[in-house]
Amino acid sequence: MRSCVRCANTIDMLRKYLKKTQYESYEDFMENFQVQIPERFNFGYDVVDGWAAREPNKPALLWTDEDGHNRQYSFQEIKEYSDKTASYFQSLGIGKGDMVMLIVKRHVEFWFSIIAIHKLGAVVIPATHLLTAKDIIYRANAASIKAIVACGDDAVLEHINEAMPQSPSVKSLISIGPKVPQGWSDFQKGIAEAKPFVKPAVVNENDDIMLLYFTSGTTGEPKMVAHDFTYPLAHIITGKYWHNLDETSLHFTLADTGWGKAVWGKLYGQWFSGANVFVYHYERFKPSDVLEMIQKYKITSFCAPPTVFRYMIRENVRNYDISSLRYCTIAGEALNPSVFEEWKELTGIKLMEGFGQTETTLTIATLPWTEPKPGSMGKKNPQYDVALLKSDGTFAGPGEQGEIVIRTHGKKVLGLFKEYYRDAERTKNTVVDGLYHTGDVASLDEDGYFWFIGRTDDVIKSSGYRIGPFEVENAVMAHPAVVECAVTGVPDEIRGMAVKATIVLADEYKAKAGEELVKDIQEFVKKTTAPYKYPRIIEFVDALPKTISGKIKRAEIREH
């Protein structure tokens, strides 16, 4: 039963940071949304410990795994475990400003550790378990990492150990188990024996670095994106208004903790909203397992990339009772309209898209007061002054396209990254004349909706036309044979560039790969979008080349 006290506590939590918490329309939201930033804000003390003080037994995190284990944690328990972890880290010499990398998959120790690191004023670097020794060496030296907290899996431990001779800044290796190699500290033993936590006299200022992400771009070495301690406040919109969460929500974001999407969907905005975060720890993605989790635990809100929804649709959603779902959001890659329509037909739920980057929080989104347009990213978030910059230096209007930029007006923008760490030149080249350049191209319609076109270097110029790869991918992905698709331009003597589609086929179509299927897909695309956009070249592959974070490497496809 819904608790009136709990409702009041949630509203009180938000009122600490928002002048107004309820809105009647998108226009009301745009005009009146405003975050009040307190001095020395710290998510660990102000939100996690704040909930523990107000409502200690309030559900915070429901952890499950593929073996059927589950454990519900309250905010009081998250406070206690994060305090123990902070005390343990202190005993290892970790303190204000120290860099700590977390490689822990979806284990609950991620939440204990990240909150503990916040409470110490240290800097957290979430990382994927897919890193090789070379990747770890690069990160350790680039950021002067002092400690690594890792899951005790053979491959992870092996790669870290292999990297250590060339990683002199690393002073502590901490394993959460099950294996704790020689020379490593035992996380479980450490927190069990930890002394009562004493909050440091000075924890942080708002502009101190709190979080550092290595972005895996499609070319070059990863950039180090630094966010300050106010960053979680920018995710109030993410959880409360985009995910549309409240104190009755059980929210499930699929992302691994090594990616930026984890703090978007499994931490900051959700706990501001008083929602219970659902975590499913698994080794290999199976769409049937995700549907079973939604059915078994009565998930109310779900967020995942479009590809996940596409795989679940193919799994036959009607075989599962997912009637508990009230809201679904989508991010990580642009949404194909065909996925939107199929999911709505199967569930009655409209997919609400969102756009942002590692350098930002939610920038453009389909919010509760806006009717989604399938394939559109939605409208701008009032937190950012978003515009489209044309190649001639003027701003685009309805019916025009340009690079997505954020106008800073010479001020610190809540949610926008602080800097590329130790790379002043790159920072300077990205924020130019008061504009943060995203590198993404979109168009704007007459209703204020943004439509993704592609990266600035992905747009194809063919026979005088500017063709966005995503609009062609939309058409190709609507064909029943296609599971994944990447559209690129290839040199053409007559057209300058020709459109090429690199396609991963559904299992039942793989045996049909050949000229007949190529022609069928081409004719299908001609009828689905403007004929000049159809892919003149089609290549079938087993898998698309991707970065470590799952982004398609179009540059590699072009080179091939």
Side-chain angles (χ1 to χ4, degrees), residues 43-44 48 60-67 69-71 73 77-78 81-86 88-89 92 94 98-120 122-133 135-136 139-140 143 145-161 163-164 167 170 172-181 184-192 194 210-214 253-268 277-285 548-549:
F43 185 81
V48 174
L61 188 145
L62 175 55
W63 184 91
T64 66
D65 68 13
E66 54 192 349
D67 295 323
H69 303 115
N70 65 79
R71 169 80 150 81
Y73 292 87
E77 290 174 304
I78 297 294
Y81 277 110
S82 62
D83 280 351
K84 290 178 181 179
T85 305
Y88 171 50
F89 286 171
L92 297 175
I94 297 169
D98 288 334
M99 300 280 179
V100 184
M101 186 157 68
L102 302 181
I103 310 177
V104 291
K105 297 186 177 179
R106 294 175 180 84
H107 292 286
V108 72
E109 287 81 4
F110 172 81
W111 286 266
F112 301 164
S113 297
I114 193 170
I115 300 302
I117 294 167
H118 292 345
K119 288 181 174 181
L120 293 173
V123 181
V124 64
I125 305 175
T128 172
H129 62 283
L130 301 175
L131 296 179
T132 64
D135 298 323
I136 294 165
R139 284 158 174 76
I145 289 171
K146 185 173 183 177
I148 299 176
V149 183
C151 53
D153 296 7
D154 288 337
V156 173
L157 297 173
E158 180 182 343
H159 288 147
I160 295 173
N161 281 332
M164 286 306 95
S167 308
V170 179
S172 296
L173 297 176
I174 307 158
S175 173
I176 67 169
K179 292 187 177 180
V180 182
W184 286 65
S185 298
D186 186 333
F187 181 95
Q188 307 304 337
K189 181 181 179 183
I191 66 170
M210 180 198 77
L211 175 70
L212 192 73
Y213 273 111
F214 282 81
T253 284
L254 200 61
D256 182 89
T257 61
W259 313 130
K261 191 63 173 63
V263 299
W264 283 49
K266 303 162 100 80
L267 182 57
Y268 299 133
V277 171
F278 181 82
V279 179
Y280 175 46
H281 175 65
Y282 62 88
E283 294 298 331
R284 185 171 176 270
F285 168 72
I548 203 165
S549 63

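Note that the structure is predicted; figures quoted are calculated from it, not measured.
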Within the structure provided, determine whether [X] and [Y] are in side-chain contact (heavy-atom separation under 4.5 Å).
X: Phe110; Y: Val149; answer: no
X: Val108; Y: Arg71; answer: no
X: Met99; Y: Leu212; answer: yes
X: Pro126; Y: Tyr213; answer: yes
X: Ile117; Y: Leu102; answer: yes
X: His159; Y: Leu131; answer: no
X: Leu267; Y: Ile115; answer: yes
X: Ile114; Y: Val263; answer: yes

Closest approach of [X] to [Y] (non-hydrogen atoms, all atoms of both residues):
X: Val156; Y: Ala150; result: CG1-CB, 4.0 Å
X: Pro178; Y: Gly152; result: CD-O, 3.7 Å
X: Leu157; Y: Cys151; result: CD2-O, 3.9 Å
X: Lys261; Y: Ala255; result: CB-CB, 3.7 Å
X: Lys189; Y: Asp186; result: N-OD1, 3.2 Å
X: Ala163; Y: Ala133; result: CB-O, 3.6 Å

[X] side-chain N/O to [Y] backbone N/O, donor-acceptor pair under 3.5 Å:
X: Lys266; Y: Val277; value: no
X: Thr257; Y: Lys105; value: yes
X: Asp65; Y: Asp67; value: yes
X: Thr64; Y: Val279; value: yes
X: Asp256; Y: Gly258; value: yes

Kindly assign one of parallel, tilted or perpendicular to the pair [X] and [Y], based on the angle between their ring planes and the thresholds 30° and 60°.
X: Tyr81; Y: Phe112; answer: parallel
X: Trp63; Y: His281; answer: parallel
X: Phe187; Y: Tyr88; answer: perpendicular

Requested in this report: Check step by step if side chain to side chain contact (heavy atoms under 4.5 Å, CB included) holds for His129 and Asp153.
Outcome: CA-CA 9 Å; His129 62 283; Asp153 296 7; over 6 Å; no
Please report the interatomic distance [atom1]([X]) to [atom2]([Y]), rounded to the nearest 0.5 Å.
X: Ile94; Y: Ile174; atom1: CD1; atom2: CD1; result: 4.5 Å
X: Ser82; Y: Leu120; atom1: OG; atom2: CG; result: 10.0 Å
X: Ser172; Y: Phe89; atom1: OG; atom2: CZ; result: 9.5 Å
X: Ile136; Y: Ser167; atom1: CD1; atom2: OG; result: 8.0 Å
X: Ile125; Y: Ile145; atom1: CD1; atom2: CD1; result: 4.0 Å
X: Phe285; Y: Leu254; atom1: CZ; atom2: CG; result: 6.0 Å

With sequence neighbours excluded, what pairs up with [X] under the salt bridge (Lys or Arg N to Asp or Glu O under 4.0 Å) test?
X: Asp154; result: Lys179
X: Lys119; result: Asp49, Asp83
X: Glu66; result: none

Query raised in the report: What's the verdict on side chain to side chain contact (heavy atoms under 4.5 Å, CB included) for Ser113 and Val104, showing C-alpha distance, side-chain angles and the deciding distance?
Result: CA-CA 10 Å; Ser113 297; Val104 291; 5.9 Å; no
Requested in this report: With side chain to side chain contact (heavy atoms under 4.5 Å, CB included) as the test, would you mind laying out the steps for Leu173 and Ile148 before giving the verdict?
Outcome: CA-CA 5 Å; Leu173 297 176; Ile148 299 176; 4.1 Å; yes
Query raised in the report: Under the 6.0 Å and 45° cation-pi test, does Arg106 pair with Tyr280?
Result: no
